[in-house]
Amino acid sequence: MNLKNAVAIVTGGAKGYGKGIAAALKQGGAEVWITGRDEKALKAVGKELGVHAVKADVASGNDWDKVFAAVLKARGRVDVLVNNAGAGIKIAPMDQQTDEAIAESIAVNLTGTLFGCRRAAVVMKKQKSGIIVNISSGCAIHAWPGWGPYSAAKAGVNEFAHCLYTELRPSGVRVTTITPYWGATDFVETSGIKGHPAGDPETRTKCMQPSEMGDLVVQVCAQPDHLATPDITVQPLIQEIVPM
């Protein structure tokens, strides 16, 4: 894919990986729309990067309709969808969870991705081109105590993406899932996790940076259109992985 003048949507684009991805796609020549729930932060980043900003909750089908309507009205196509939005919601043992927290975690981390992919599939199949990139988590592969609902949601993203790949491949549409581990984002802080190694400033310098995630997404999009990379796993060397 030639990113020059390509049309891209990035969810959770106001911070972290989303901002890094939006910046890299913009630098690569794409016209970018970012979404998020924090309207003030979203508009500030939109102005900073020179991209479009649409306030939207990925867990809302109506908000997804609003996003696609705006992009299609402006450009008539969608070439790239990056499902990046996600949140820890409540990282705690199952006996300390609530039904509300579990439902929200599934909605934000899994259902929102499916909602976006459903709409992108309609557009991209008609175009016979496009790429969907889902940002997952190492929690989809390994098990740590307290991460059950989040891990279940991310594992769902990974397996769903495989199914979607088989559906869209005949139409020339590619699907890639990037599964990162520790990253230099505010995930640990916003999830209320105390004492996590990835919250240490020095450790964060050795984790995946938002700009590095952005560069990786651009590389995935720039692959020849007749080739696909269904899965990419990225681990920082500083992280020792010894879970179940």
Side-chain angles (χ1 to χ4, degrees), residues 9-26 32-49 51 53-59 63 82-92 97 100-102 104-113 116 133-140 142 144-151 153-154 157 177-217 233-239 241:
I9 299 172
V10 181
T11 68
K15 57 184 179 180
Y17 286 151
K19 182 179 178 181
I21 293 166
L25 288 170
K26 173 68 175 180
V32 182
W33 273 258
I34 58 172
T35 75
R37 293 183 292 186
D38 186 337
E39 187 171 17
K40 183 178 180 180
L42 199 67
K43 287 183 176 180
V45 171
K47 184 177 181 180
E48 175 189 346
L49 300 182
V51 302
V54 181
K55 181 183 178 183
D57 182 350
V58 294
D63 281 9
V82 182
N83 287 302
N84 165 76
I89 307 300
K90 185 178 178 67
I91 306 302
Q97 291 283 350
E100 292 76 16
I102 292 170
E104 185 178 358
S105 184
I106 299 300
V108 172
N109 294 298
L110 175 58
T111 308
T113 294
V133 180
N134 300 312
I135 308 301
S136 184
S137 164
C139 290
H142 299 293
W144 285 275
W147 292 77
Y150 178 80
S151 297
K154 288 300 188 179
V157 168
T177 299
I178 298 176
T179 303
Y181 284 68
W182 289 353
T185 69
D186 64 355
F187 183 92
V188 171
E189 291 79 6
T190 58
S191 300
I193 307 169
K194 297 180 180 180
H196 193 286
D200 174 65
E202 177 61 25
T203 300
R204 286 166 64 90
T205 65
K206 300 176 183 179
C207 295
M208 189 172 201
Q209 306 297 309
S211 61
E212 293 169 341
M213 176 62 84
D215 290 342
L216 179 56
V217 170
T233 301
V234 184
Q235 298 176 348
L237 291 177
I238 196 172
Q239 182 181 2
I241 302 169

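Quick caveat: nothing in here was measured; it's all calculated off a predicted structure. Heavy atoms only: backbone and side chains are in, while hydrogens, waters and symmetry mates are out.
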**Message:** Going by the rule side chain to side chain contact (heavy atoms under 4.5 Å, CB included), which residues pair with Lys206 if we only count those two or more places apart in sequence or in a different chain?
**Reply:** Glu202, Ile238
**Request:** Could you grab the distance from atom CD of Glu189 to atom NE2 of His196, nearest 0.5 Å is fine?
**Result:** 10.5 Å
**Prompt:** Do you know which of Thr177, Ile21, Thr179 makes side-chain contact (heavy atoms from CB on, under 4.5 Å) with Ile135?
**Reply:** Ile21
**Item:** Minimum heavy-atom distance Ser136-Pro180, with the two atoms named
**Value:** O-CD, 3.3 Å
**Item:** Any donor-acceptor pair under 3.5 Å from Gln97 side chain to Lys90 backbone
**Value:** yes
**Asked** For the atom pair CZ (Arg204) and CD (Gln209), what is the distance rounded to the nearest 0.5 Å?
**Response** 8.0 Å
**Prompt:** Got a sec, which residues hit side chain to side chain contact (heavy atoms under 4.5 Å, CB included) with Ser151, two or more places apart in sequence or on another chain?
**Reply:** Cys139, Trp147
**Prompt:** Partners of Gln239 by side chain to side chain donor-acceptor pair (under 3.5 Å), sequence neighbours excluded?
**Reply:** none
**Over all atoms of both residues, closest heavy-atom pair of Gly16 and Pro210** = O-CB, 3.3 Å
**Prompt:** Looking at residues at least two apart in the chain, or sitting in another chain, which of them share a side chain to side chain contact (heavy atoms under 4.5 Å, CB included) with Ala44?
**Reply:** none
**For Asn84, side chain to side chain donor-acceptor pair (under 3.5 Å) partners two or more places apart** = none
**Complete:** Residues at least two apart in sequence or cross-chain that pass side chain to side chain contact (heavy atoms under 4.5 Å, CB included) with Val51, listed by chain then number, are Lys26, Val32, Ile34, Leu49
**Item:** Minimum heavy-atom distance between Gly138 and Trp144, given as atom pair plus value
**Value:** O-CZ3, 4.1 Å
**Request:** Applying salt bridge (Lys or Arg N to Asp or Glu O under 4.0 Å), name anything that partners Asp186, two or more places apart in sequence or on another chain.
**Result:** Lys15
**Item:** With sequence neighbours excluded, residues passing side chain to side chain donor-acceptor pair (under 3.5 Å) with Ser211
**Value:** none
Side chains of residues 106-113: which donor-acceptor pairs under 3.5 Å do they make with residues two or more places apart or in other chains?
{"residue": "Asn109", "atom": "OD1", "partner": "Ala87", "partner atom": "N", "Å": "2.9"}
{"residue": "Asn109", "atom": "ND2", "partner": "Ala87", "partner atom": "O", "Å": "2.8"}
{"residue": "Asn109", "atom": "ND2", "partner": "Ser105", "partner atom": "O", "Å": "2.9"}
{"residue": "Asn109", "atom": "ND2", "partner": "Ser105", "partner atom": "OG", "Å": "3.3"}
{"residue": "Thr111", "atom": "OG1", "partner": "Ile106", "partner atom": "O", "Å": "3.4"}

**Asked** Any idea which heavy atoms bring Ala85 and Gly12 closest together, and the distance?
**Response** CB-N, 3.8 Å
**Asked** Taking only residues two or more places apart in sequence or in another chain, which ones pass side chain to side chain donor-acceptor pair (under 3.5 Å) with Asp38?
**Response** none
**Asked** Taking all non-hydrogen atoms of both residues, which atom of Val217 and which atom of Val133 are closest, and how far apart?
**Response** CG2-CG1, 4.4 Å
**Point-to-point distance, once rounded to the nearest 0.5 Å, from CD1 of Ile178 to CE of Met208** = 6.5 Å
**Prompt:** What distance separates Ile102 CD1 from Ile89 CD1, expressed to the nearest 0.5 Å?
**Reply:** 12.0 Å
**Request:** Write down the atom of Cys207, the atom of Pro236, and the distance for their closest heavy-atom approach.
**Result:** CA-CB, 4.1 Å
**Request:** Go through the structure and list residues passing salt bridge (Lys or Arg N to Asp or Glu O under 4.0 Å) with Lys43, not counting sequence neighbours.
**Result:** Glu39
**Prompt:** Can you name the salt bridge (Lys or Arg N to Asp or Glu O under 4.0 Å) partners of Lys19, sequence neighbours left out?
**Reply:** Glu48
**Item:** Name of the residue among Tyr17, Trp182, Tyr150 meeting ring-ring contact (aromatic ring centres under 6.0 Å, His included) with Phe187
**Value:** Tyr150
